[in-house]
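Read the structure below first, then the notes.
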Amino acid sequence: MELRIQLIPTGEIILAPGKNGENYCHSCKVVGSDGVRAMMESALTARDRVGVQDFVLLENYTSEAAFIENLRKRFKENLIYTYIGSVLVSMNPYRDLEIYTKNHMERYRGVNFYEVSPHIYAVGDNSYRSMRTEGKDQCILISGESGAGKTEASKKILQYYAVTCPASDKVQTIKDRLLQSNPVLEAFGNAKTLRNDNSSRFGKYMDIQFDFKGAPVGGHIINYLLEKSRVVHQNHGERNFHIFYQLIEGGEEDLLRRLGLERNSQQYQFLVKVSDNNYTDLNSRQNQINPFPPGVSSINDRSEWKAVKKALTVIGFNEDEIEELLNIIASVLHLGNVQYGGEDGTACITTDTQIKYLSRLVSPLNLEQASSARDALSKAVYGRTFTWLVNKINASLAYKDDSSKHYSVIGLLDIYGFEVSKTTGNFEQFCINYCNEKLQQLFIELTLKSEQDEYEAEGITWEPVQYFNNKIICDLVEEKFKGIISILDEECLRPGDASDITFLEKLEGTVGGHAHFVTHKLADGKTRKVMGRDEFRLLHYAGEVNYNVMCMSENKILNQCFDREELSDKKRPETAATQFKASLAKLMEILMSKEPSYVRCIKPNDAKQAGRFDEVLIRHQVKYLGLMENLRVRRAGFSYRRHYEVFLRRYKSLCPETWPNWQGKKQDGVATLVKHLGYKPEEYKMGRSKIFIRFPKTLFATEDALET
Ligand code: ATP
Ligand code: MG
């Protein structure tokens, strides 16, 4: 009998008859003229070179060094995907790999997770099939720090569905719109940062809705907290949102004229690079030295502009609407150029005669107040435009078939990555990191829980594994009455002498003793010199970050916007922090109601370079993503589980009583088979529908037996 050798993702070697009777190893590309033994050896060598495709198969699975070594081997071979059971670990290759072609998509379509090499398409396909066969809504949670590849992963999944799911004309329109929503949202919501040239500055949860035939028929996007401060200020080496540069670089002459714009981003204060030292001078951005070059080598604003315009049209914007939208973008740039003067310390606009008159209507603000009012207005206009854009996209993606409102859903979560920074973080970074804490918690709960559920469903007992539960940090931030957000609310909405400093004092009084909270004050009354008096530090699960209290309570402006009576009313207005907390709670609810799959993205280096494996950086991510614990949980139980039917079909030839066909119950057949093979009682357990095998070597031995 001719045999085919295949290295399957779990690292097992399977000997099975080739489709055309050929001897061919798919992974190491060896044709079997040398005979099966040679192929087997070659496959084993390949396994040594490329590492194991599922960390569960690591002999030394508790060793972090072995884990990292496996990642390194695979990364070197451009094998960026590896499993921990069903969790996909993905390394950003920082180069285009030939693994996303239509052929690749076909290879993963409808194929069992474990029968093909690890891939983002396998995750997409697995969720899709679970949705179809079990009728349960799914979600795919993509996490990892900024620049780790979350957005790219979510786009790959969407492309996979667009290509492989059934289509009709109507469905094609929805597929196009789903795909085209990306360039639009990225233009308005992404920017170049130090960590990532295309960093998402908003969180995104997208539902893809499928009809009973499995065709995508609609979608819905929820956006989370856009980093609006970027509109008026960017750190050294970073840029404003892409759309500004795209419009200025790519906008047609006519259009720019109508919008009153010049093709030179350095004309616009919000786009001119302000060196960090000068930032305190809110009003004098014009004559900055060292302007930031608008172009970034990895970004082509002109061609992106064309793509964005096309995408807007596909989504259903007409010419007038596009122009209106761009008008707002232009007006933000104009607003940024409004300058103030005034001899007696009060502000009046000096840039244009007409605005000058208008400015008299404004209450007498000093220069700083006037500048920050201008900035606040610019941020608000941009933020609201972004929300409007998301609503427009949602309207165009809405499932319109009235005859059957029933659909299944796959949700994709691509949220801004955790941001560890040496510089002090602001309110928005606080929210971003808080959000990542919540997602980590969900991961911990669900990976453990789902594992436990399966053992329970199958009637198998097991000992839970110890792990760090970051609930303690989530509570520190969000607990009612005692958490940072509650205290912030109280201070922001309290009439009277509330200030940044009273906020910090209150924090010290309430959470000062918390193990994950640090300020300049030491327990013995002395001060910690390395910390400012206006900041606090949170020891996040992923690293330590300092936050500035001034930026935190920025939303105290809210305080001034509400009159006292309104504040004393029972229904207090909500601060930005509370709104964010509520929207996250809602998100967790949505995710909990679905069956999750996980993609854990790792950033290989900070230089955005291909082929560079920075071990320290990677080890840190492996640690905080909880990958070792994840692996231990997976291994503490049983590495392998197979439905009785599948197991029997595969190995029945190894036992005279089960070969060629077992007539009785499958479970009894498997019991007879493993008894014949000499499995020891501690090596396996029989569940209700599956056999659970504790060690990989048990299964390896059985695989080996197939050969002889
Ligand atoms: P952020 O949290 O800042 O939004 P992110 O995790 O979404 O970060 P991405 O924007 O997806 O990061 O990836 C950053 C860059 O890395 C991409 O622009 C691309 O150049 C590269 N990259 C990521 N994934 C891949 C991949 N699978 N193949 C090739 N390049 C990739
Ligand atoms: Mg992103």
Side-chain angles (χ1 to χ4, degrees), residues 145-147 151 184-204 223-249 265-266 268-276 278-280 282 285 288 291-296 299 301 304 308 325 328-337 371-390 414-419 421 423-433 435 545 547-548 550-552 554-555 557 576 580:
E145 65 188 52
S146 183
T151 301
V184 172
L185 288 178
E186 285 187 20
F188 288 81
N190 285 27
K192 181 206 185 296
T193 67
L194 290 176
R195 297 179 189 83
N196 183 357
D197 291 352
N198 183 33
S199 185
S200 315
R201 309 316 296 161
F202 68 107
K204 178 174 153 193
N223 58 313
Y224 296 92
L225 195 82
L226 180 73
E227 186 197 39
K228 286 180 296 198
S229 63
R230 184 166 297 275
V231 174
V232 299
H233 169 64
Q234 309 94 41
N235 285 330
H236 190 75
E238 303 202 343
R239 298 208 310 178
N240 211 321
F241 293 100
H242 295 323
I243 186 66
F244 292 113
Y245 308 92
Q246 291 169 354
L247 173 59
I248 286 180
E249 293 294 315
S265 61
Q266 297 306 293
Y268 300 101
Q269 303 309 306
F270 285 163
L271 308 183
V272 170
K273 175 62 199 134
V274 183
S275 83
D276 291 342
N278 285 343
Y279 179 57
T280 42
L282 290 161
R285 296 163 193 244
Q288 297 304 320
F292 178 72
V296 175
I299 301 173
D301 292 313
E304 287 297 322
V308 170
L325 177 63
I328 301 175
I329 296 306
S331 71
V332 170
L333 290 179
H334 290 308
L335 199 53
N337 277 8
S371 300
S372 61
R374 171 197 63 200
D375 288 357
L377 180 60
S378 309
K379 289 194 286 186
V381 167
Y382 194 85
R384 278 171 194 243
T385 306
F386 189 75
T387 305
W388 174 83
L389 198 58
V390 172
D414 167 24
I415 218 123
Y416 18 49
F418 186 83
E419 298 195 351
S421 159
T423 55
T424 310
N426 60 19
F427 174 69
E428 283 156 334
Q429 266 159 341
F430 171 81
C431 289
I432 289 174
N433 292 341
C435 174
V545 183
Y547 298 101
N548 189 303
M550 189 180 84
C551 298
M552 286 290 296
E554 192 182 5
N555 50 6
I557 298 166
F580 187 66

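Values in this document were obtained by computation on a predicted structure and should not be read as measured data. In this chain, residues are counted from 1 in sequence order. Quick note: numbers below take in every heavy atom, side chains included, and nothing from hydrogens, waters or symmetry partners.
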Could you measure the distance from the CZ atom of F418 to the CD atom of Q429? Nearest 0.5 Å is fine.
10.0 Å
Measuring only between side-chain heavy atoms, which start at C-beta, is L194 closer than 4.5 Å to N235?
no
Side chains of N548 and F427, heavy atoms from C-beta outward: is any pair under 4.5 Å?
no
Roughly how far apart are K192 NZ and D197 CG, rounded to 0.5 Å?
5.0 Å
Heavy atoms of F188 and L325 approach each other most closely as CZ-CD2, 3.7 Å
Sequence neighbours excluded, the answer for side chain to side chain contact (heavy atoms under 4.5 Å, CB included) partners of L377 is L335, V381
How far apart are the C-alpha atoms of L271 and I248, what are their side-chain angles, what is the distance that settles it, and do they pass the side chain to side chain contact (heavy atoms under 4.5 Å, CB included) test?
CA-CA 11 Å; L271 308 183; I248 286 180; 3.7 Å; yes
Beyond-backbone contact of Y382 with F241, side-chain heavy atoms, under 4.5 angstrom:
yes
Spatial distance of atom CZ (R201) from atom CD (E428) [nearest 0.5 Å]:
8.5 Å
Please walk me through it: do N433 and V545 pass side chain to side chain contact (heavy atoms under 4.5 Å, CB included)?
CA-CA 9 Å; N433 292 341; V545 183; 3.9 Å; yes
Between E238 and R230, is the closest basic N to carboxylate O distance under 4.0 Å?
yes
With E145, which residues qualify under salt bridge (Lys or Arg N to Asp or Glu O under 4.0 Å), at least two apart?
none
Hey, are the side chains of T193 and N196 touching, using non-hydrogen atoms and a 4.5 Å cut-off?
yes
Taking all heavy atoms of V308 and all of A187, pick out the closest pair and write down the distance.
CG2-CB, 3.6 Å
Over all atoms of both residues, closest heavy-atom pair of S265 and V272:
O-CG2, 4.4 Å
Between the CG atom in L247 and the CD atom in E249, the distance rounded to the nearest 0.5 Å is 10.0 Å
For the residue pair S229 and N426, what are the closest heavy atoms and their distance?
OG-ND2, 4.0 Å
Tightest non-hydrogen contact, residues G203 and I415, listed as CA-CG1, 3.6 Å
Matching residue for D301 among R239, Q246, H242 - test: side chain to side chain donor-acceptor pair (under 3.5 Å)
R239
Does any N or O in the side chain of N240 come within less than 3.5 Å of the main-chain N or O of F270, such that one atom is a donor and the other an acceptor?
yes
Ignoring hydrogens and angles, tell me if any N or O in the side chain of Y224 forms a donor-acceptor pair with the backbone of F580 under 3.5 Å.
no
CD1 on I243 to CD on E304, rounded to 0.5 Å
10.0 Å
Separation between OH (Y416) and CG (N190), nearest 0.5 Å, reads 12.0 Å
Shortest non-hydrogen contact from E186 to T151?
OE2-CG2, 3.4 Å
